[in-house]
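What follows is a single structure, written as structure tokens, with notes after it.
Note: hydrogens, waters and symmetry copies are ignored here, and every other heavy atom, side chains too, is used. Reminder, nothing fancy here: chain letters follow the sequence lines and each chain counts from 1.
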Amino acid sequence: MGVYKDLDPSNDIQTNIALVTSGIFQDGASSIATFYTSSTQYTNTGDYSVDVYRYDPSNNASASVQFGVAYGHVHGSGSLGTVGATGDRTSAAVFGQFNNLINPPETTRMKFSGKSGVKHYYVLTFNRARIREEIEPGGWELWLGSGANRVKLIDDSSTVTTGNTDQRNFSPEYNIVSGTLAGGAGVGEAASQDSTNGSYGLFYPTIGVLLLNPDRLGVSPLSLSTSQASNTDARNQRTFFNSIVDGTYFQCKRVENINSTHYFIRANATSFNATTNETYYTQSVSGVRQVIPGLLTDPKVYITSVGLYNDANQMLAIAKLSRPILKSNSREALIKVKLDF
Amino acid sequence: MGFLDNTSITVDAILTYKGRQILSQGGTLAISKFALSDEEVDYTLYDVTHPNGTDSYGTVIENMNLIEAISNRDHFRSHLTDANLAGASLGLVTNYPNITHGTEISIVVTAEGGAPTENYTFFIDNINVVKFTSAPNATSLTQGSVTVKAQSINPGRTATVNVFGEQSGLSAEVSIHVNTHETSPSNPDKQNR
């Protein structure tokens with residue numbers, strides 16, 4: 001043996017896939033109760049969407065965007081501009097944006113459970129880096145408020161485990177329903193219960209998007225008013241943000257598949273007892289290299305790093321020990337190297 | 001009576017650039033072997049005059065804190081190996097100062113002190129400075145010997161060619177300083193990875 005030692009796939013390599021959930025908000029929090037906006041962002045692009053922070057960006061330099069909220073209307077209502085007139089028609093842009101993303105071609109209206117032909121929606125979309133892989137179905141709860149009114153929203157993945165069967169561009173799709181996660185994801189009102197207004201919305205865990213139905217939010221118990229006035233900068237997204245602020249509670253977790261492989265590195269007693277480290281040797285005038293005094297008769301070396309290689313001797317992963325560990329003829333070393341990707 | 005310590009050392013590994021590159025191209029890592037290194041250890045700190053006796057000779061080394069693993073690695077500077085290679089080394093010219101652009105340098109390795117005859121892996125740390133004549137875009141080659149060619153660069157730079165025995169893991173370092181070519185538009189510091 002030289003420098004490399006083969007790993008025995010059956011004994012030295014163990015692979016497992018772990019499902020890891022974690023809080024999605026800044027600092028790893030799984031729930032937050034306060035919400036802030038940036039006046040700079042709101043002034044510049046607030047007519048399209050509102051970025052929401054956990055901390056106040058005006059006095060906390062580390063504050064980062066947690067999610068954004070927006071309002072979309074198929075005709076651009078609630079924003080400035082109409083067809084053939086000046087104005088960005090921001091709500092039409094938002095409607096088209098998410099309609100194009102989520103719905104199949106030639107779909108021009110949204111469907112919330114039993115109600116189709118819906119012309120508008122609120123959007124809550126998480127910061128991409130916060131999602132990592134996806135939002136955990138059954139792992140979020142959003143409270144909305146409007147004056148003294150409150151509604152607690154979750155998804156219905158606990159009862160409709162495989163999601164809706166509607167043909168969307170992203171699967172799974174779950175309904176947003178009233179309920180709470182406390183005590184085990186209890187659904188208060190099923191998605192199909194209100195056939196007049198439809199469900200509270202739709203949830204797409206893989207893209208981190210919640211689409212909320214303004215028609216359902218506009219009636220009891222929340223009665224959140226949404227302006228559909230033409231050519232008017234109504235800032236419904238601000239209304240939605242204020243409703244989140246009044247709700248004072250947003251719990252959400254993300255979920256990731258972590259592919260872990262453990263490599264058991266075994267340095268047997270008779271192996272790895274010499275080194276190519278130059279400081280291990282002295283060189284005489286005649287050029288003969290000798291092990292330094294003290295290690296000549298009782299060879300000892302130290303392990304500081306482990307390299308993992310493929311058959312082409314390419315170093316693919318590297319692990320470092322926190323401190324050097326002694327290796328000699330009378331000592332064996334077993335190092336468990338964990339590689340996540 | 002004390003309890004036996006049944007713990008093993010567990011460490012987290014990180015992917016190197018090569019590992020990431022393979023994954024990003026849809027490949028699989030196919031890790032099949034390992035090597036151990038004693039990088040960062042200075043054996044001259046092994047103190048055979050330590051007053052507390054033989055058990056304390058290596059105290060200075062054993063108590064040091066090691067730096068974290070970094071991705072920007074493709075080889076170790078030293079390896080642990082078997083006792084039959086103790087004292088073996090690679091013989092070669094290790095310093096080429098004042099090299100003019102266009103000059104070709106043959107790096108020929110001689111196995112010394114019991115080192116086996118084998119192929120060697122040659123790593124160039126900056127191929128803007130010198131390139132393998134047989135594979136100009138490669139940063140590493142594995143064969144018996146190589147020829148590198150000094151590049152036209154401005155300003156001058158020193159490149160390091162690390163040499164590793166493919167099986168023995170014996171290593172050596174060749175330093176090549178290529179002089180400034182005043183009319184050259186090539187900056188030796190541009191990204192070459």
Pick from [options]: which one has the most heavy-atom pairs with chain B under 4.5 Å?
| options | result |
| --- | --- |
| Ser322(A), Pro299(A), Pro324(A), Ala267(A) | Pro324(A) |
| Asn273(A), Asp298(A), Asp311(A) | Asp311(A) |
| Ala274(A), Ala317(A), Pro9(A) | Ala274(A) |
| Ile13(A), Thr261(A), Ile265(A) | Ile265(A) |
| Ile292(A), Thr270(A), Asp8(A), Val306(A) | Val306(A) |

How about [X] and [Y]: do any of their side-chain heavy atoms sit closer than 4.5 Å?
| X | Y | result |
| --- | --- | --- |
| Ser271(A) | Asp82(B) | yes |
| Lys300(A) | Tyr57(B) | no |
| Ile318(A) | Phe76(B) | yes |
| Tyr43(B) | Tyr302(A) | yes |

Exam field: side chain [X] to backbone [Y], donor-acceptor pair closer than 3.5 Å:
| X | Y | result |
| --- | --- | --- |
| Thr304(A) | Glu39(B) | yes |
| Thr81(B) | Thr275(A) | no |
| Asp38(B) | Val301(A) | no |

Would you name the heavy atoms of [X] and [Y] that are closest together and state the gap between them?
| X | Y | value |
| --- | --- | --- |
| Glu166(B) | Tyr4(A) | O-CE1, 3.0 Å |
| Phe34(B) | Arg266(A) | CZ-O, 3.7 Å |
| Asp12(B) | Ala319(A) | O-CB, 3.7 Å |
| Arg323(A) | Glu62(B) | CD-O, 3.6 Å |

Could you walk me through whether Leu29(B) and Leu308(A) pass side-chain contact (heavy atoms from CB on, under 4.5 Å), step by step? CA-CA 10 Å; Leu29(B) 292 180; Leu308(A) 301 175; over 6 Å; no

Go through it in stages, so that I can follow the logic: the residues are Asn313(A) and Thr121(B), the test is side-chain contact (heavy atoms from CB on, under 4.5 Å), and I'd like the CA-CA distance, side-chain angles, deciding distance and then a yes or no. CA-CA 9 Å; Asn313(A) 293 345; Thr121(B) 301; 5.7 Å; no

Go through the steps to decide whether Ile9(B) and Leu321(A) satisfy the test side-chain contact (heavy atoms from CB on, under 4.5 Å), and finish with yes or no. CA-CA 8 Å; Ile9(B) 300 165; Leu321(A) 304 174; 3.8 Å; yes

Hey, which of Val48(B), Asn63(B), Leu23(B) has the most heavy atom pairs under 4.5 Å with chain A? Asn63(B)

For Lys33(B) and Asp6(A), run side-chain contact (heavy atoms from CB on, under 4.5 Å): C-alpha distance rounded to whole Å, both residues' side-chain angles, the deciding distance at 0.1 Å, then the answer. CA-CA 4 Å; Lys33(B) 59 183 80 169; Asp6(A) 290 342; 3.8 Å; yes

